[in-house]
Amino acid sequence: MEQLITTDGARLAYQDTGGDGVPLVMLHGWGQTQAMFRHQIEGLAPARRVVTVDLRGHGRSDKPHHGYRIARLSRDVLELVDHLGLERFDALGWSMGVSVWWSFVDQYGTGRIRRFVAVDQPAAVAAVPWMTEREQRDSGAIFDVSGLLYLGASLAGPEGDTVRADFVRGMFSGEPDPEVLAFVAEEIRSTPPHAGVPLLFDHCAQDWRDVLPRIDVPTLVIGCERSHVHPDSQRYVAERIPGARLHVFASEVASSHFPFLENPPAFNAVVEKFLAEEPARGV
């Protein structure tokens, strides 16, 4: 595991496989770690360079008492790719990691991104007050602002550990693989409330719908039939990004928010096929 010190003094732990070809930079979701992508590092890295990172407040990275905003996380990612000298790379985000990339695009553009993979993230997690009911459904809002406030207060309260465990369990449909569930539940313990609660609020309060039409690189949107993130929200994202493709895993293939853990071969095959495609003539 290697380290980077950001411009505001946070130490980030990252892994760089150092393979050949266009690098793939992968960002994990809220409360999780780069270990989420352990099967992708094993399955994709032999053929390409894969970079993963524990975002600030997560995993082996520092947990300072500042910087828990999506905009700051996207700045951290910019500093990481600058540190590694990546002038051109493929970007993959899962859950909140997608939001970090959307913030990256919003602030820094798409000039360095060759291809983009967005995995199971709504355009807006919380139904912000200016949305119509139709817009709330389309964007995939999981709860309203009052629900977000309640969740944050619960996570920060005395029953936080129980709330966190229930939160994780709610991301799986049916009876999950006990080992996968235990792994996810253990990884989320690395994010303390002082980091996780403000970041969750900032993350869920964002509305990325205006960014989607400005993503002008080949994009693959991935969802799951039985994820708590409704597949219709992924269709909406794919429709808003010009030329984007959509792949929704059927429930017999993967049935949670974690397709890369549930069925690594199927997930890796879909991602690798997309990343390996030759660009269209004139692109």
Side-chain angles (χ1 to χ4, degrees), residues 1-19 22-37 40-41 49-119 121 125 152 156 187-208 210-211 214-217:
M1 200 71 65
E2 301 176 76
Q3 299 181 6
L4 162 72
I5 306 298
T6 65
T7 51
D8 69 342
R11 180 188 58 85
L12 302 182
Y14 71 90
Q15 182 174 351
D16 180 3
T17 64
V22 178
L24 171 63
V25 183
M26 308 179 74
L27 303 182
H28 62 77
W30 178 84
Q32 295 301 324
T33 71
Q34 61 185 305
M36 291 290 108
F37 301 128
Q40 286 62 60
I41 293 172
R49 182 179 180 183
V50 176
V51 176
T52 58
V53 60
D54 287 333
L55 298 169
R56 70 170 61 206
H58 298 74
R60 299 183 184 181
S61 291
D62 280 352
K63 285 85 177 175
H65 285 266
H66 62 272
Y68 295 109
R69 290 171 291 276
I70 296 297
R72 178 63 239 192
L73 267 59
S74 67
R75 171 67 189 222
D76 291 348
V77 173
L78 176 66
E79 293 180 16
L80 175 63
V81 297
D82 283 348
H83 172 73
L84 295 174
L86 306 184
E87 293 302 321
R88 190 76 164 159
F89 56 87
D90 293 328
L92 183 148
W94 160 67
S95 197
M96 185 191 72
V98 180
S99 293
V100 176
W101 282 123
W102 284 338
S103 179
F104 186 100
V105 170
D106 191 32
Q107 297 181 81
Y108 313 119
T110 59
R112 296 167 71 172
I113 299 175
R114 188 189 72 117
R115 287 177 175 265
F116 177 43
V117 182
V119 184
Q121 171 59 33
V125 179
E187 291 301 292
I188 203 172
R189 291 171 61 87
S190 71
T191 300
H194 81 261
V197 173
L199 180 59
L200 182 67
F201 182 85
D202 186 81
H203 162 47
C204 294
Q206 302 296 325
D207 179 1
W208 300 108
D210 65 315
V211 175
R214 294 186 281 126
I215 299 174
D216 57 359
V217 297

A.B. asks: Are Phe116 and Val105 close enough that some pair of their side-chain heavy atoms sits under 4.5 Å apart?
C.D. replies: no

A.B. asks: For a side chain to side chain contact (heavy atoms under 4.5 Å, CB included) check, start with the C-alpha distance between Met26 and Trp94, then their side-chain angles and the critical distance, and finish with the verdict.
C.D. replies: CA-CA 8 Å; Met26 308 179 74; Trp94 160 67; over 6 Å; no

A.B. asks: Going from CD on Glu187 to CD on Gln34, what distance comes out if it is rounded to the nearest 0.5 angstrom?
C.D. replies: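 Reported to 0.5 Å precision, the distance equals 9.5 Å.
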
A.B. asks: Applying the side chain to side chain contact (heavy atoms under 4.5 Å, CB included) test to Ser61, which of Thr6, Asp54, Thr33 qualifies?
C.D. replies: Asp54

A.B. asks: Nearest 0.5 Å please: distance from the CE atom of Met1 over to the CD atom of Gln3.
C.D. replies: 10.0 Å

A.B. asks: Walk me through whether Val50 and Gln40 qualify under side chain to side chain contact (heavy atoms under 4.5 Å, CB included).
C.D. replies: CA-CA 9 Å; Val50 176; Gln40 286 62 60; 5.9 Å; no

A.B. asks: Are any non-hydrogen side-chain atoms of Trp30 and Leu55 less than 4.5 angstrom apart?
C.D. replies: no

A.B. asks: Out of Leu27, Asp16, Val53, which one pairs with Leu80 under the side chain to side chain contact (heavy atoms under 4.5 Å, CB included) rule?
C.D. replies: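 It is Val53; the other options fail the test.
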
A.B. asks: Should we count CZ of Arg60 as having more than 12 external heavy atoms under 6.0 Å?
C.D. replies: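 Check fails, neighbour count at 12 or below.
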
A.B. asks: Arg88: what forms a salt bridge (Lys or Arg N to Asp or Glu O under 4.0 Å) with it, not counting sequence neighbours?
C.D. replies: none

A.B. asks: Hey, can you tell me if His194 and Tyr68 have their rings parallel, tilted or perpendicular (30° and 60° cut-offs)?
C.D. replies: perpendicular

A.B. asks: Salt bridge or not between Arg56 and Asp8? Use side-chain N to carboxylate O under 4.0 Å.
C.D. replies: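 Yes, Arg56 and Asp8 are salt-bridged.
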
A.B. asks: Does a side chain donor of either Gln206 or Ser99 reach within less than 3.5 Å of an acceptor in the other side chain?
C.D. replies: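 Absent: no donor and acceptor within the cut-off.
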
A.B. asks: Between Ile70 and Trp208, does a side chain to side chain contact (heavy atoms under 4.5 Å, CB included) hold up when you go through it step by step?
C.D. replies: CA-CA 12 Å; Ile70 296 297; Trp208 300 108; 3.8 Å; yes

A.B. asks: Tell me if the CZ atom of Phe201 is crowded by more than 12 foreign heavy atoms within 6.0 Å.
C.D. replies: no

A.B. asks: State, with a plain yes or no, whether a side-chain heavy atom of Met96 is found less than 4.5 Å away from one of Leu73.
C.D. replies: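 Met96 vs Leu73: side chains touch.
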
A.B. asks: So Phe89 and Trp101, would you call those rings parallel, tilted or perpendicular, with 30° and 60° as cut-offs?
C.D. replies: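 Because their plane-to-plane angle lies in the 30° to 60° range, the rings of Phe89 and Trp101 count as tilted.
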
